[in-house]
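Notes follow once the structure below has been shown.
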Amino acid sequence: MTAISEPPVNPADFERDRTAVADFLLRLRRKRITDPRILAAFEAVPRRLFVPHSARDNAYLERALPIECGQSISAPELVATMTAALDVTADAQVLEIGTGSGYQAAVLSRLARRVYTIDRFRTLVEFAELRFRTLKLQNITTLVGDGTLGWPANAVFDRIVVTAATEKVPDALFRQLRPRGILVAPVGPVEGVQKLTRYAREDRGIHESVLADVRFVPLIPGKAERL
Ligand code: SAH
């Protein structure tokens with residue numbers, strides 16, 4: 001078994017994180033992420049639960065960390081940038097492609113009505129579900145499957161976030177995005193640097209804007225056969 005951050009958790013650890021969380025929230029304010037709902041969501045989700053054991057006391061450092069199945073959890077700032085760009089309303093149905101550790105989904109679940117999240121690795125989905133249960137987050141629905149197809153049974157979505165790199169956002173995802181919906185994805189060469197891109201579906205078409213240079217693990221079509 002790899003070093004994963006499975007329950008049980010020690011409430012005293014959350015207490016120890018208070019300084020790190022306060023510092024992180026200050027960093028977000030400096031990045032002009034000041035929406036109290038978003039800050040409260042980050043404050044409410046203990047990131048230490050989602051990172052490897054060895055990194056638990058450094059969970060809020062500005063860096064991505066490795067997780068199971070050769071994947072990674074994004075740096076907390078980047079999760080916040082994506083969250084802010086999605087502009088999630090309390091009644092929104094959100095689709096996430098790439099559950100990974102479950103951290104982004106957990107944060108979104110504090111802001112949205114329901115979060116649907118898909119990963120191609122069963123192992124990752126199972127660990128993420130364990131964390132959601134520990135945190136009593138009841139508005140997250142998971143799926144082991146191929147996120148490039150979206151989740152037709154629950155479409156359409158108000159917001160879609162892709163947390164894996166892709167040369168091109170799959171058409172299926174745009175088809176499952178509601179009018180006036182917003183989609184955020186890292187777009188570009190999967191082995192290099194991608195542009196974190198925000199697509200806002202407006203009456204006259206899709207308005208595209210680039211938010212940042214980022215590096216994500218690749219979006220790989222198909223369900224993982226192992227793990
Ligand atoms: N959002 C995550 C980080 C995701 S890392 C977090 O908060 O921790 C990217 C994830 O995308 C990986 O777990 C990878 O398995 C998943 N992924 C890659 N291609 C996929 C696909 N076609 N369908 C679903 N998930 C995919």
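Both ligands and their constituent atoms are indexed starting at 1 by order of listing. FYI, the numbering just counts along the sequence from 1.
- Between F157 and Y116, the angle of the ring planes goes over 60°, which puts this pair in the perpendicular group of the 30/60° scheme.
- With hydrogens and angles ignored, the 3.5 Å screen pairs a side-chain donor or acceptor of R37 with a backbone N or O of V88.
- The pair D17-R48 counts as a salt bridge, with a side-chain nitrogen and a carboxylate oxygen less than 4.0 angstrom apart.
- Under a 4.0 Å criterion applied to the non-hydrogen atoms of G145, ligand 1 contributes the atoms 23 (N), 24 (C).
- Looking at T142 and I118, their side chains never come closer than 4.5 Å, going by heavy atoms from C-beta outward.
- For ligand 1, the atoms lying closer than 4.0 Å to a non-hydrogen atom of A164 are 11 (O).
- Annotation: cation-pi geometry satisfied between R47 and Y103 (NZ/CZ under 6.0 angstrom from ring centroid, within 45° of ring axis).
- Counting atoms of ligand 1 from 1 in the listed order, those under 4.0 Å from a heavy atom of L219 are 18 (C), 19 (N), 20 (C), 21 (C), 22 (N).
- Near F121, meaning under 4.0 Å from any of its heavy atoms, are these atoms of ligand 1: 15 (O).
- The main-chain N or O of G181 is never found under 3.5 Å from a side-chain atom of D158 such that the two would form a donor-acceptor pair.
- A side-chain donor-acceptor contact under 3.5 Å links R131 to the backbone of S101.
- At least one donor-acceptor pair closer than 3.5 Å links the side chain of D119 to the backbone N or O of T99.
- Compare T123, T163, T166 by their heavy atoms: the one nearest to atom 4 (C) of ligand 1 is in T163.
- In summary, the atoms of ligand 1 found under 4.0 Å from a heavy atom of G147, numbered by their order in the structure, are 21 (C), 22 (N), 23 (N), 24 (C).
- Those atoms of ligand 1 with a heavy atom of T99 less than 4.0 angstrom away are 1 (N), 2 (C), 6 (C), 8 (O).
- In the vicinity of Q71, heavy-atom distances shorter than 4.0 Å reach the ligand 1 atoms 12 (C), 13 (O), 14 (C), 15 (O).
- Of the protein's non-hydrogen atoms, the one nearest atom 25 (N) of ligand 1 is R120 N, 3.3 Å.
- Considering backbone and side-chain N/O atoms, S74 never comes within less than 3.5 Å of an N/O atom of ligand 1.
- Within the 4.0 Å heavy-atom cutoff, S72 counts among the residues contacting ligand 1.
- The nearest heavy-atom contact from the protein to atom 16 (C) of ligand 1 is D119 OD2, 3.3 Å.
- For the ligand labelled ligand 1, residue E96 lies inside the 4.0 Å heavy-atom shell.
- A donor-acceptor pair is defined here as one N or O able to donate and one able to accept, closer than 3.5 Å; such a pair exists between the side chain of T197 and the backbone of K195.
- Nearest non-hydrogen protein atom to atom 21 (C) of ligand 1 is I220 O, 3.5 Å.
- In terms of protein heavy atoms, atom 11 (O) of ligand 1 is closest to G98 CA, 3.3 Å.
- Residue Q104 has at least one heavy-atom neighbour below 4.0 Å for each of these atoms of ligand 1: 1 (N), 7 (O).
- Shortest contact from atom 8 (O) of ligand 1 to any protein heavy atom: S101 OG, 2.6 Å.
- No more than 12 heavy atoms of other residues, nucleotides or ligands shown are found within 6.0 angstrom of CZ on R122.
- Of all protein heavy atoms, the one closest to atom 18 (C) of ligand 1 is P218 O, 3.4 Å.
- Side-chain N or O atoms of N139 include one that pairs as donor or acceptor with a backbone N or O of S109 at under 3.5 Å.
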